[in-house]
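Report on the structure given below.
So you know, we letter chains A, B, ... as the sequences are listed, proteins then strands, and number each from 1.
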Number of protein chains: 2
Amino acid sequence: MELKPVAKKFVLHWGEMGTTWGVNRTVAQIHALLFISGHPMNADEITETLGVARSNVSMSLKELSNWNLIRSIPLMGDRRDHYETTTDVWELFRTVVRERKSREFDPTIEVLRDCLKSGDIASEDKAAQLRIKETLALMEALSSWASEMIRLEPETMMKVIKMGAKVQQFVRSKSES
Amino acid sequence: MELKPVAKKFVLHWGEMGTTWGVNRTVAQIHALLFISGHPMNADEITETLGVARSNVSMSLKELSNWNLIRSIPLMGDRRDHYETTTDVWELFRTVVRERKSREFDPTIEVLRDCLKSGDIASEDKAAQLRIKETLALMEALSSWASEMIRLEPETMMKVIKMGAKVQQFVRSKSES
DNA sequence: CAGTTATTTCAGTCAATACTGAAATAGAAA
DNA sequence: TTTCTATTTCAGTATTGACTGAAATAACTG
C-alpha cells in the first residue's frame, strides 16, 4: 500500500525523530503509520508499506507492545494479527510520558537513593552530598507530579497547560492563605 | 584523580543513563563528574579521571557546550581551559528542558505545520488530517507551556510541582468564573 | 494427521556512532 | 623566531545497535 504524500512525509519524519525519542527508526515509523492510517494493519501490510524486512516488523511490533503503544485487534475471518495504536493524541502523550518516566527517571531515582543510603556517602564532600540530595528531591518531585498529571482528564490537562505560568497566581494565593 | 565510591557510582550511572537521555556515555559522564565535583576541571583532569582518550574529552566538552551545560572558567595563572557545570539542579533542569524541547519537539512542530500548509493535505482522509491537526495543537501547547514554566523562579516552580494535580481546582474555579 | 499460513527467533551482516591516536593548529612563553 | 603547551581535527578502528534472511516454531485448516 503506497502512502499519500503527507502520510509518507509524516511517517518518515516520525521515524527520524524516533532516534531522538529513544526508539529506533522502524519502531517509530510503524507507530506513525498506524497512527496516521487510523485502522488496524497486519504485519505484511506494514512490511510492504515501509519496505523493511518482515522480521524487523515483528521485532518492532514487540517493542511497541513493550511501550504499550499498540494493541492487537482480532479481525473476523482473518487469522493474521492486526495492530492499531490509539488515535487519541492525549492518550498517546500519557503513554509516552509514563513509559519515558519509567525508563529515564525511575532507574536514576533508585540509584540516587542507594547512594544516599550507602555507608560510603559520609566520605563525600558535604556539598556533593547536598547536590545528590537535591537531585533526588527534584527527580522525585517531578516523578510524582508527572504521575498525577497524566491521571487528569484530557480537557482538564489541556486547561492546565493552556493556563501555563498563570498557575503561579494560584500558588501565590495558596501560600498566602 | 581517583573518585570516591559514591561519586564513581554516580558518574558511571549518569553515563549509562545518558544513552536514554540522548547523549553518549562520555558526554554524560563528564557532565556528572563536573556536577559532583563542584569545581572547575581541565580536560586532562577529566581525561585521567574517566580513563578515556583526550580527544574524546575535547569533543564531548564541545557537545556539552552545544547543550549549554558547561561554561569555561579562566583560572589565574593557568593557561588551560577549565570547565564547570551548574551545581543548581533547577538550572540544570531548565537547561535540559529547553534543549530537549528544541531537539525533540520543535523540528516536529515545523514538519506538522508544513504538512498542513501543503497542497497535498487535501488528498488525505479527513480523519488523518484531523489527527495531524490535533498532534500539532498538543505539541504547540506543550511547547509554549514548557517555555513559560522554565521561566518561573525555582521556588515557584517547585510549589507548582509539589501542588501537582491540585491545580485542577484552580482550573475549575477559573472556567466557572 | 499432514499441509498451510502466520509469527518469532537468531546468527550473521550492515550501518551508525563512539572512540582513539596521530597530526595539525593555535597560542602563549622564552 | 623557536619552543613549549594546550586544544582540535580527523582518518581510521572499535563498538554498538539495527536490520535481514533463513530456519524454527506456533497456530490454524481440511
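As rounded to whole Å, 16 Å separates atom P of C:dA6 from atom CE of A:M41. With rounding to whole Å, A:D44 atom CG is found 10 Å from C:dT5 atom C1'. The separation between A:M59 atom CE and C:dT13 atom C1' is 13 Å, rounded to whole Å. Rounding to whole angstrom units, CD1 of residue B:I73 and C1' of D:dA6 are separated by 18 Å. The NE2-C1' distance, from B:H82 to D:dT7, rounds to 14 Å in whole Å. Between the C1' atom of D:dT13 and the CG atom of B:N56 lies a distance of 14 Å, rounded to the nearest Å. One atom, CZ of B:R54, and another, P of D:dA6, lie 9 Å apart when rounded to the nearest Å. Spacing between atom CD1 of B:I46 and atom P of C:dC19 amounts to 15 Å, rounded to whole angstrom units.
Note on A:R25: only backbone sugar-phosphate atoms sit closer than 4.0 angstrom, heavy atoms only; bases stay farther off. Across all strands, A:R80 comes closer than 4.0 Å only to sugar-phosphate atoms, never to a base (heavy-atom distances). Backbone-only contact: B:N24 has heavy atoms under 4.0 Å from sugar-phosphate atoms and none from a base. Among the heavy atoms of the strands lying under 4.0 Å from A:D81 are primed sugar atoms or P, OP1, OP2 only; no base atom is included.
At the phosphate of C:dT8, neither OP1 nor OP2 sits under 4.0 Å from any side-chain N or O atom of A:S55. Phosphate contact (OP1/OP2 of D:dC19, side-chain N/O of A:T26, threshold under 4.0 Å): present. A:K62 has a side-chain polar atom (N or O) that falls below the 4.0 Å cut-off from OP1 or OP2 of C:dT9.
If you check the side chains of B:H82 and B:S72, you find no donor sitting under 3.5 Å from an acceptor.
For B:R94 (side chain) and B:I150 (main-chain N/O), a donor-acceptor pair under 3.5 Å exists by modelled atom type. At least one donor-acceptor pair under 3.5 Å links the side chain of A:R131 to the backbone N or O of B:I36. Without hydrogens or angle criteria, A:Q129 side chain to A:I121 main chain gives a donor-acceptor distance under 3.5 Å.
Distances were taken from every side-chain heavy atom of B:R79 (C-beta onward) to each of C:dT4, C:dA28, C:dT7; the shortest belongs to C:dA28.
Ring orientation note: the planes of A:F35 and A:H31 are close to parallel, at an angle under 30° on the 30°/60° scale.
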